[in-house]
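First comes the structure, then the notes that go with it.
Letters A, B, ... mirror the listed sequences (proteins, then strands); counts begin at 1. Keep in mind that the numbers below use all heavy atoms, side chains included, and drop hydrogens, waters and symmetry copies.
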There are 2 protein chains.
Amino acid sequence: MKEYQVGEIAKSVGVNVETLRYYEKIKLMPKPKRKESRYRVYDDTDLKRLKFIVRAKELGFTLKEIKELLNLKIESSATCGDVKHLAEHKLTDIENRIKDLMNMKKVLTKLVHQCIQEEVSADECPILEVIEYKVNDGDK
Amino acid sequence: MKEYQVGEIAKSVGVNVETLRYYEKIKLMPKPKRKESRYRVYDDTDLKRLKFIVRAKELGFTLKEIKELLNLKIESSATCGDVKHLAEHKLTDIENRIKDLMNMKKVLTKLVHQCIQEEVSADECPILEVIEYKVNDGDK
DNA sequence: ATAATACCCGTGGTATGGTACGGAGTCAAG
DNA sequence: CTTGACTCCGTACCATACCACGGGTATTAT
C-alpha cells in the first residue's frame, strides 16, 4: 500500500496543504501516522476519503454534512435509508435555492430591460427607481 | 418630515438595531445626526435608503454591491448604463449559480433513485458508492 | 422617585471554509 | 556540507453579515 506525504496527497486531489491540515483540525480527516521526523504519512484509505470529500463538496454538501455521511458509512447500525435521508434533505435544500435564484433572476431581468436610455443620469435610472418601488409611495 | 430613533426605524423595516449600527460602521448608511443625549436621529431619507438596502438584498445583491448602486445614484456623472452594467453582472452571476445548482440537483436526484433497499447497511449504500465512483478504480 | 425600557459604545464571537506567516526542523542532491 | 524544497506548528487573518455582552446613560411610565 502506497504512502504519501502531505504535499503529495494534497496535490493529487487538488487541494492546498493547509486545507488538509484544516480538515484534520475539524476532524473531517483522521490524524495520520507520523514518521520519526513528525511528517504526516497518508495511505490509500486516506486518499480515498479525501477524494470522497472533494466529490461530495462538488455535489453541494457542506463539510459538516460530509462528516455526517462519512460517519454513517462507519456506524454499522446506519442504513442506506439514513444516507438517502441526508441526500434528500440536501436535494430539497438545493431546490429551494434554485427557486429563490430563479425569482431573483426574473425580477432582475425585468429591471435590466427597463433601462433603455443608457445615457440618462443614474439618478433617473428606471432600475434604481424600481428597486425603490416599495419605498416611494407615489410622492417625489 | 418625521424623525425616528434607531429602534423605530429598525423595527419598521424589520432589521435589528445592531444591524443598523453595522451598516453605519461599514458606511452603507450615513452617520445620522444626534440628539443632545447622543441618540441617533433618522429621517425619511434614511428610511428610504434603508428600505432600498433591504430590497436590494432580497434581489441577491451583496452589501458591497448595494453600496456601489447607492454611490452611482449619487455620483452625478454616473449613467443609467452604469447601473445596468452592475445589474447585468449580477444577473450573470445568478445564472451561473443556478446552473451549478441544477447540475448538483441532477446528480443528487439520480443518486437518491439508486437507493432502493433502504434497510441495507450504509456501508453498501449505492449513494455512497457512487460518490466514491471516481475513487474506486475497479478494485475493492 | 423609581422602575422599566431604550439607547450609547467598544469589543468579541458566530458560522463557513479556508489562506497566510514565520521560525524551525528535515531530507535529498550536488 | 550546504542549499533548496518540503514539512512542522501555532496563530492570525480573509470575506460575509451580522449578533451578543456588559457597563453606563437617557427617557418614559407609573
* Asked: Do Ile66(B) and Leu63(B) have side-chain heavy atoms sitting under 4.5 Å apart?
  -> yes
* Asked: What residue pairs, at least two apart or across chains, pass side chain to side chain donor-acceptor pair (under 3.5 Å) with a residue in residues 103-112 of chain B?
  -> none
* Nearest-Å distance, CZ (Phe61(B)) to C1' (dT16(D))? -> 17 Å
* **Salt bridge flag under 4.0 Å for residues Asp93(B) and Lys90(B)** => yes
Contact list (N/O, under 3.5 angstrom) for nucleotides 26-30 of chain D vs protein:
| from | atom 1 | to | atom 2 | distance (Å) |
| --- | --- | --- | --- | --- |
| dT27(D) | OP1 | Ser37(B) | OG | 3.4 |

Could you give the side-chain donor-acceptor pairs of residues 27-39 of chain A under 3.5 Å, partners two or more places apart or in another chain?
| from | atom 1 | to | atom 2 | distance (Å) |
| --- | --- | --- | --- | --- |
| Lys33(A) | NZ | Glu3(A) | OE2 | 3.1 |
| Arg34(A) | NH1 | Arg38(A) | O | 2.7 |

* Asked: Do any of residues 15-30 of chain B sit with a heavy atom less than 4.0 Å from DNA chain C, and if so which?
  -> Arg21(B)
* Any side-chain heavy-atom pair of Thr92(A) and Asn96(A) under 4.5 Å -> yes
* Under the 3.5 angstrom rule, does the side chain of Asp82(A) hit a backbone N or O of Thr79(A) as a donor-acceptor pair? -> yes
* To do: Give me the first and last nucleotide of DNA chain C, going 5' to 3', that has any atom under 4.0 Å from a heavy atom of chain A.
  => dG17(C) to dC27(C)
* Structure fact -> The complete set of side chain to side chain donor-acceptor pair (under 3.5 Å) pairs with one or both residues in residues 10-26 of chain B, sequence neighbours excluded, reads Glu24(B)-Arg40(B)
* Considering only heavy atoms from C-beta outward, does the side chain of Arg55(A) approach that of Val107(B) to under 4.5 Å? -> yes
* To do: Would you mind reading off the distance between Lys33(A) atom NZ and dC8(D) atom P, rounded to a whole angstrom?
  => 15 Å
* Structure fact -> Heavy-atom closest pair (Leu59(B) atom, Leu108(A) atom, distance to 0.1 Å) is O-CD1, 4.3 Å
* Under-4.0 Å side-chain N/O to phosphate OP1/OP2 contact, Arg40(A) with dT7(D) -> no
* Closest-nucleotide 5' rank along DNA chain C - winner of Gly7(B) and Lys57(A) -> Gly7(B)
* Counting only N and O atoms by type, is there a donor-acceptor contact under 3.5 Å from the side chain of Glu65(B) to the main-chain atoms of Thr62(B)? -> yes
